[in-house]
Amino acid sequence: MTAILETRALRKSFGGLVVTRDVDLTLEEGETHALIGPNGAGKTSLVNLLSGTLSPTAGDVLLAGEIITRLPSHRRARRGLARTFQISTLFDSFTAEKSLVLALLARQGHCYRLGRMAGFSCLRDEARRLLDLVGLTGRNLVPTASMSHGEHRQLELALALAASPKVMLLDEPMAGLGGEETAKMIELLRSLRGRYTILLVEHDMDAVFALADRISVLAEGRLIATGSPADIRSNAGVRQAYFGDDDGD
Amino acid sequence: MTRDLRWPAFVLLAATAFALPFIGDSYIVQLATRMLIFGMAALGIDFFLAYVGQLSLGHTIFLASGAYLTALLTMAGLESALLVWPIVLLGVALLALAAGMLALRTGGLYFIMITLAFTQMLFFFLQSQRGLGGDEGFSVPQRNTLPLLDLSDPRNLYLLVLVLLLGVIGLIAWIRATPFGAAIEACRDNAQRLSAMGLDPYGYRLSGFVFSAVIVGLAGILYTNNTLYLTPALSGWYLSGELLMMVILGGSGSLLGPVLGAALFVLLQEQLSHITPHWMAGLGALLVARVMLMKDGFWNVLARRLGGDDSHS
Amino acid sequence: MTIALLVEQLINGLQQGLMLFLMAAGVTLVFGIMRLINLAHGSMFMLAAYVAVAVFAATDSYLLAFIVALAGISVLAMLLELAIFRPLYARGHLDQLLASFGLVLVFNEIAVMVWGREPLYLSIPPLLSGQVEILPGVPYPVYRLAVSALAIAAGLGLWLILSRTRLGMQMRGGAERREVMEAMGVNIRAIATMVFGIGACLAGVAGLMTAPIMPVQSGMGDPILILTLVVMIIGGVGSLRGALIAALIVGVVDTFGRILLPQLIGLNAGSALSNMVIYVLMAVVLVIRPTGLVRSAT
Ligand SMILES: Nc1ncnc2c1ncn2[C@@H]1O[C@H](COP(=O)(O)OP(=O)(O)OP(=O)(O)O)[C@@H](O)[C@H]1O
Ligand SMILES: [Mg+2]
């Protein structure tokens with residue numbers, strides 16, 4: 001197993017508030033790695049540091065052994081780092097299909113092309129396949145703004161998959177989904193296991209234990225434990241962080 | 001879906017526009033030429049506003065520089081439109097590239113204000129050029145020349161402006177249908193998602209800025225050829241405000257809205273100034289009323305009636 | 001350039017800076033609390049000057065002229081807030097800019113209708129018309145000193161309101177965390193109206209300061225408004241401290257630019273550039289610090 005995504009003493013502070021404290025996190029190639037922690041622990045901040053949405057105060061991020069700390073997020077995306085957002089971050093005026101065709105075109109690194117968008121029929125087919133995969137069959141021509149919250153979560157995932165990434169950072173893909181939708185999403189993520197390296201931020205413990213090869217726990221910006229699901233289940237520090245009364249805000 | 005009547009409406013409008021020089025007198029032709037030129041400028045500004053999704057108060061820089069460059073080249077002895085116009089458009093594009101690279105480092109209100117500052121800067125610069133008549137401006141001796149079309153005939157100029165305007169409309173419609181246009185609009189909807197997909201929002205904003213500036217620059221070229229008289233007021237925030245007013249009178253984000261808004265504006269300006277010397281107050285009140293009382297410009301409201309739900313025509 | 005001239009121009013520059021700060025304070029407060037950008041602020045400046053001239057012409061009393069002008073302009077601004085601006089808070093900058101641009105056109109034209117196109121002048125009060133030596137050999141108009149004192153007093157007044165009164169605390173609170181203030185039962189709407197009144201009053205003071213030095217005419221507030229916006233941008237949008245620093249810098253740079261550039265690079269080119277100096281300054285500041293000199297609280 002080789003490390004594909006790594007952080008070294010990664011630190012981020014907003015003024016006096018330290019949201020990421022000297023985090024050393026390693027994602028092995030092909031694993032599904034869950035990142036858990038109480039609300040406000042800094043999970044989204046860590047994902048943002050990895051994807052380049054935020055730049056760190058100190059420390060480094062490495063992708064496949066290369067330092068990418070200073071690369072802006074679009075350059076990281078081009079190197080195979082895809083992500084979803086906890087709060088759906090989509091093109092509201094586009095249809096699902098148009099968003100996906102754009103994402104597929106973006107794999108070439110630019111979109112300065114002047115052919116007709118509608119002319120890329122093979123990309124349209126691929127977009128529809130992705131929509132089928134995430135469970136949006138038949139919804140390809142619906143404008144994003146008029147889709148449901150659950151459909152937004154599915155489209156987020158489809159956009160990440162469209163990049164054919166090496167690593168996917170999924171920030172709470174199940175957030176706000178109903179029971180049935182959650183079950184479907186878990187099923188989908190299970191089918192992706194092993195094909196991609198996945199960092200899965202999730203509050204739903206059933207989902208985490210069902211999907212993760214390894215789990216890391218974040219509390220107040222610090223990585224307090226990393227290990228197999230069984231290790232984490234029995235880890236006293238984790239119980240403390242989750243159920244103790246000392247979680248600061 | 002009900003029958004989409006927007007195309008018939010468009011064809012009817014275009015046909016009327018083509019027929020105009022053969023039925024109207026020279027006063028009407030001149031007025032209509034002015035409408036179309038401001039319509040083109042408004043369309044350029046609206047491309048940036050509606051599709052790039054940012055408000056610029058500085059696009060009058062490109063109107064003024066297009067107009068002044070044309071005048072200066074013409075007065076320097078270059079008369080052929082085929083020579084002058086491409087040079088001017090290139091000049092405007094380069095200027096837009098430089099201004100855009102600076103201004104787009106910022107966003108939101110800062111962007112609005114820095115573009116405002118740019119246009120004021122140019123205004124003061126032009127105003128201080130004694131050789132160009134200072135505040136009073138100067139007249140340009142003649143129009144540019146084309147091989148087969150005699151532009152000194154106002155009708156021919158009008159027809160040329162009309163064709164160019166339709167060309168610009170077509171160009172915008174085409175750009176919007178390409179991946180390039182999609183990336184620009186995607187960047188307006190959500191720049192964060194665009195960069196998470198591997199595309200750099202800055203580049204698309206900048207190229208959208210330059211593209212819209214060139215359209216406005218073309219309007220500037222035509223402005224010089226139409227009025228043959230230039231003043232520094234072609235740059236500056238008043239005209240920026242008026243151009244935006246044209247955009248929202250007709251409606252932003254549609255291809256005909258800004259053009260029809262400009263036509264209405266020029267018409268009102270003309271009519272009101274016959275009625276009262278204080279017509280500016282009337283325009284101002286109209287602008288306030290439009291913002292306060294209507295959700296969208298009149299063409300967009302009408303277009304929605306004509307063609308179902310989609311506001312974009 | 002002699003020391004005397006240098007000192008004199010420095011004071012002139014600082015004075016212009018103070019005047020700009022009074023203008024910028026209003027725009028900044030309104031933007032900080034309501035996120036609204038109001039171009040008609042320059043009209044308040046202009047109308048205050050006109051009203052003062054008119055009342056003085058009728059009553060021959062400076063005191064009455066000033067009081068009527070300031071009170072009138074504050075009331076007008078509060079009425080505008082209720083009728084026009086309140087519905088615009090939730091809208092985008094485009095609607096706000098255009099509606100207030102419409103107001104600028106209306107007010108400029110009203111000024112022409114009422115007072116005509118010819119510029120009016122407000123004479124300097126006889127009490128303040130002499131000169132004093134501020135340094136040995138450096139005479140300086142008393143009026144200008146008095147005006148600076150007035151501006152400083154207005155600035156201090158604003159500072160006292162903001163830091164010492166309940167209203168001021170609520171205003172600052174509104175700028176930083178609106179929802180919290182609303183949850184605490186503070187009437188943000190009433191505060192917004194007050195803020196417009198206070199802002200317009202400050203703009204009125206700026207207008208009164210300027211009336212005796214500059215011709216009073218339609219549109220006189222517009223270039224000042226643009227300068228004010230430049231100040232706000234250089235200082236960092238929404239920050240009063242930034243506005244003060246930037247206003248003083250802009251005032252001094254602008255004043256010296258007008259004096260020095262024509263001397264340095266010839267009259268024509270120099271006067272051309274001197275109008276552009278502050279815009280260049282702004283561009284440079286934004287290139288180095290894209291969000292202005294001082295980061296605001298929000
Ligand atoms: N831009 C910012 N400026 C200041 N503080 C921030 C910023 N972004 C996040 N924070 C703070 O950082 C802390 C961590 O936030 P983050 O969103 O990373 O937590 P999280 O673990 O993702 O929480 P949740 O489970 O609710 O999604 C929070 O206290 C938050 O308020
Ligand atoms: Mg989070």
Side-chain angles (χ1 to χ4, degrees), chain A residues 47-48 51-54 71-85 87-95 97-120 123 143-146 155-156 159-160 162-165 168-169 171, chain B residues 1 46-47 49-54 93 97 104-105 107 167 170-211 214 252-254 296 300 304 308-313:
Chain A
V47 170
N48 285 343
S51 73
T53 310
L54 284 176
L71 288 189
S73 58
H74 62 272
R75 305 271 299 275
R76 297 186 195 194
R78 276 180 222 164
R79 293 189 180 203
L81 200 60
R83 71 168 291 182
T84 67
F85 293 83
I87 298 166
S88 296
T89 296
L90 298 163
F91 307 131
D92 280 345
S93 68
F94 285 21
T95 61
E97 184 179 292
K98 188 171 175 188
S99 302
L100 277 167
V101 169
L102 190 66
L104 292 166
L105 282 162
R107 286 188 303 207
Q108 277 146 6
H110 72 90
C111 264
Y112 295 101
R113 315 174 56 147
L114 295 174
R116 278 172 56 81
M117 193 86 172
F120 297 95
L123 293 186
T144 305
S146 44
L155 183 54
E156 280 269 333
L159 285 174
S164 10
M168 283 203 289
L169 312 171
D171 196 353
Chain B
M1 213 176 117
D46 191 45
F47 181 86
L49 180 69
Y51 307 132
V52 185
Q54 278 187 290
L97 191 66
L104 287 167
R105 289 170 48 90
L171 187 65
I172 292 177
W174 173 55
I175 291 275
R176 288 195 66 202
T178 66
F180 173 58
I184 285 180
E185 289 190 52
C187 166
R188 166 202 65 199
D189 276 11
N190 207 320
Q192 215 175 27
R193 164 58 70 189
L194 194 72
S195 65
M197 290 186 345
L199 302 175
D200 183 6
Y202 180 77
Y204 296 96
R205 281 200 193 110
L206 185 59
S207 34
F209 186 80
V210 173
F211 177 68
V214 168
S252 172
S254 61
D296 205 342
N300 283 2
R304 232 167 276 140
D309 346 304
D310 185 17
S311 69
H312 300 280
S313 89

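Here is the naming used below: chain letters follow the sequence lines, and residue numbers restart at 1 for every chain. These numbers come from a predicted model, not from an experiment.
- The CD atom of Glu185(B) sits 5.0 Å away from the NZ atom of Lys98(A) when rounded to the nearest 0.5 Å.
- Residues Ser195(B) and Arg75(A) bring no donor and acceptor atom of their side chains to less than 3.5 Å of each other.
- Proximity to chain B is absent for every atom of Ser51(A), based on heavy atoms less than 4.5 angstrom apart.
- Here Phe91(A) contributes atom CZ and Arg193(B) contributes atom CZ; the two are 6.5 Å apart, rounded to the nearest 0.5 Å.
- Both the backbone and the side chain of Leu194(B) come within contact range of chain A, judged by heavy atoms closer than 4.5 Å.
- The environment of CD1 in Ile87(A) is sparse: at most 12 heavy-atom neighbours from other residues, nucleotides or ligands sit within 6.0 Å.
- Interface remark: Glu156(A) contributes backbone and side-chain atoms alike to the contact with chain B (heavy atom separation under 4.5 Å).
- With a 4.5 Å cut-off on non-hydrogen atoms, Leu102(A) touches chain B through its backbone and its side chain both.
- Of all heavy-atom pairs between Arg78(A) and Asp200(B), the closest is NH2-N, 4.3 Å.
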Taking distance alone, no hydrogens or angles, what donor-acceptor pairs closer than 3.5 Å link side-chain atoms of residues 204-211 of chain B to residues at least two apart or in another chain?
{"residue": "Tyr204(B)", "atom": "OH", "partner": "Cys111(A)", "partner atom": "N", "Å": "2.7"}
{"residue": "Ser207(B)", "atom": "OG", "partner": "Gly203(B)", "partner atom": "O", "Å": "2.6"}
{"residue": "Ser207(B)", "atom": "OG", "partner": "Tyr204(B)", "partner atom": "O", "Å": "3.4"}

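- What you find for Leu114(A) and Trp174(B) is that their closest heavy atoms are O-CZ2, 3.3 Å.
- The number of heavy-atom neighbours closer than 6.0 Å to CZ of Arg107(A), taken from other residues, nucleotides and ligands shown, is above 12.
- Gln192(B) is not listed as a side-chain neighbour of Ser73(A), based on a closest heavy-atom distance of 4.5 Å or more.
- To the nearest 0.5 Å, the span separating CG on Leu199(B) from OH on Tyr112(A) amounts to 8.5 Å.
- Each of Gly109(A), Pro165(A), Gly115(A), Gly52(A) has some count of heavy-atom pairs under 4.5 Å with chain B, and the biggest count is that of Gly115(A).
- Atoms CG and OG1, from Leu105(A) and Thr178(B) in turn, are 10.0 Å apart once rounded to the nearest 0.5 Å.
- Nearest heavy atom pair, residue Arg116(A) against residue Pro179(B), reads C-CD, 4.5 Å.
- Closest approach of Arg83(A) and Ala196(B) over heavy atoms only: CG-CB, 4.2 Å.
- The distance from atom OG1 of Thr144(A) to atom CG of Asn190(B), rounded to the nearest 0.5 Å, is 10.5 Å.
- The contact between Ala103(A) and chain B is made by backbone and side chain atoms together, counting heavy-atom distances below 4.5 Å.
- Ranking Ala163(A), Ala82(A), Ala160(A), Ala77(A) against chain B, the residue ahead of the rest is Ala77(A), based on heavy-atom pairs under 4.5 Å.
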